[in-house]
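Since the structure comes first, as structure tokens, the remarks are kept for the end.
Throughout, a chain's letter reflects where its sequence line sits, starting with A, and its residues are numbered from 1.
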There are 2 protein chains.
Amino acid sequence: MTLTSTWALFLTTHAVLVEKIEAALKKADLPPLTWYDVLWALERAPEHRLRMHELAQGVVLSRSNLTRLVDRLETARLVKRIQATDDKRGAYSVITPAGLAMRTRMWPIYLREIENLFNAHLKPAEDAVMREALRRILKASRIADD
Amino acid sequence: MTLTSTWALFLTTHAVLVEKIEAALKKADLPPLTWYDVLWALERAPEHRLRMHELAQGVVLSRSNLTRLVDRLETARLVKRIQATDDKRGAYSVITPAGLAMRTRMWPIYLREIENLFNAHLKPAEDAVMREALRRILKASRIADD
DNA sequence: TGATAATAATTGCAATTGCAACTATAATTT
DNA sequence: AAATTATAGTTGCAATTGCAATTATTATCA
């Protein structure tokens, strides 16, 4: 099966690499990529906390999915929920010390895969082109909201 | 949230675009992307048929997932299974006329999204760079099988 | 040949996801 | 201010996925 279009290549590459990264994490007895994403988003956030809807935005996940993902992280004590004081409907998700530790533990494994599977095969110029193009695509997608 | 690394952009772009494409298909009362992939793989294949494991390879899906995906396509009469004569363990999946018709019906919707969300934002030179880079990454991933 | 290992595909079951409905609160309108 | 609409987050339930085990058949090799 020879893929011709850039889009088809994009899709297939994503599927293959993500599959391999998930396998590497699992092999190291670590949680899946989605957990990493959430932990990292929270770690970067001011005060290590984010409202649920902000988090959902950041990690590109539906609200209901995020609710349950955070449930799982919470039972693993990597995150905790805090009732928002200003808006009584809202909740913050805050990363715990254990969460920070887990993120740190996952990173080298994840990084190694990114390096080996992705970065290693991109020349600096290509990397730059791709980054700029993807940024443009992403930006456009936010505007042209069908 | 400003994404810096190319990999992070790659992941996010994928998530956002796929979500939009799925939404567009659903809005047009059409089946999801995975169905398209299977139908298209079969349409391209010699005699419009592929063994289950070949198909799984082609669409980057686990075997068991494919079994059930083909189940669904089969109940929708878009595909049918045929016992392999040479290898009694095996089964072929063959696209039906209705399957061909469905693929044809899905394509314009899918194409429109690809064009608007992806292609429209890539200059020809960028497209070429990206295609070549992705091909290289994909090829490497097949070799370096961890 | 007969035993052993490998491959093809499916199945059972648990975990995750998607979608629509629901609860609670906040914002807007008249 | 009351009524209406919108937003935040969760929940129920069905559909899909992931993983390990299973069945059937084919390939290997001692």
Got a list of protein N/O to nucleotides 24-27 of chain D N/O distances below 3.5 Å?
unit_1 : atom_1 : unit_2  : atom_2 : d
D/dT25 : O2     : B/Arg89 : NH1    : 3.3
D/dT26 : OP1    : B/Lys88 : N      : 3.0

* Asked: Is a side-chain donor or acceptor of B/Thr75 paired with a backbone partner of B/Arg72 at a separation under 3.5 angstrom?
  -> yes
* Distance test, side-chain N/O of B/Arg51 to OP1/OP2 of C/dA9, below 4.0 Å -> yes
* Asked: Does a nitrogen or oxygen in the side chain of B/His53 sit under 4.0 Å from OP1 or OP2 of C/dA9?
  -> yes
* From A/Arg103 CZ over to A/Arg44 CZ, what is the distance, rounded to the nearest 0.5 angstrom? -> 9.5 Å
* To do: Round to the nearest Å and state the distance from A/Tyr92 atom OH to D/dG9 atom C1'.
  => 14 Å
* Encode nucleotides 10-18 of chain C as B, S and - characters from 5' to 3', where the letter depends on protein heavy atoms closer than 4.0 Å: B to the base, S only to sugar-phosphate, - to neither. => BBBB--SBB
* **Test side chain to side chain donor-acceptor pair (under 3.5 Å) applied to A/Asp37 - qualifying residues, sequence neighbours left out** => none
* Asked: Does the distance from a Lys or Arg side-chain N to an Asp or Glu carboxylate O, for A/Arg131 and A/Asp127, drop under 4.0 Å?
  -> yes
* Salt-bridge criterion met for A/Arg136 and A/Glu132 (N-O under 4.0 Å) -> yes
* Asked: After noting the C-alpha distance and the side-chain angles of B/Arg81 and B/Glu74, does the key distance pass the salt bridge (Lys or Arg N to Asp or Glu O under 4.0 Å) rule?
  -> CA-CA 8 Å; B/Arg81 258 181 263 237; B/Glu74 203 169 21; 3.1 Å; yes
* **Donor-acceptor pair between B/Trp7 and A/Tyr110 side chains, under 3.5 angstrom** => yes
* Should the heavy atoms of other residues, nucleotides or ligands under 6.0 Å from CD of B/Glu19 be counted, would the total exceed 12? -> no
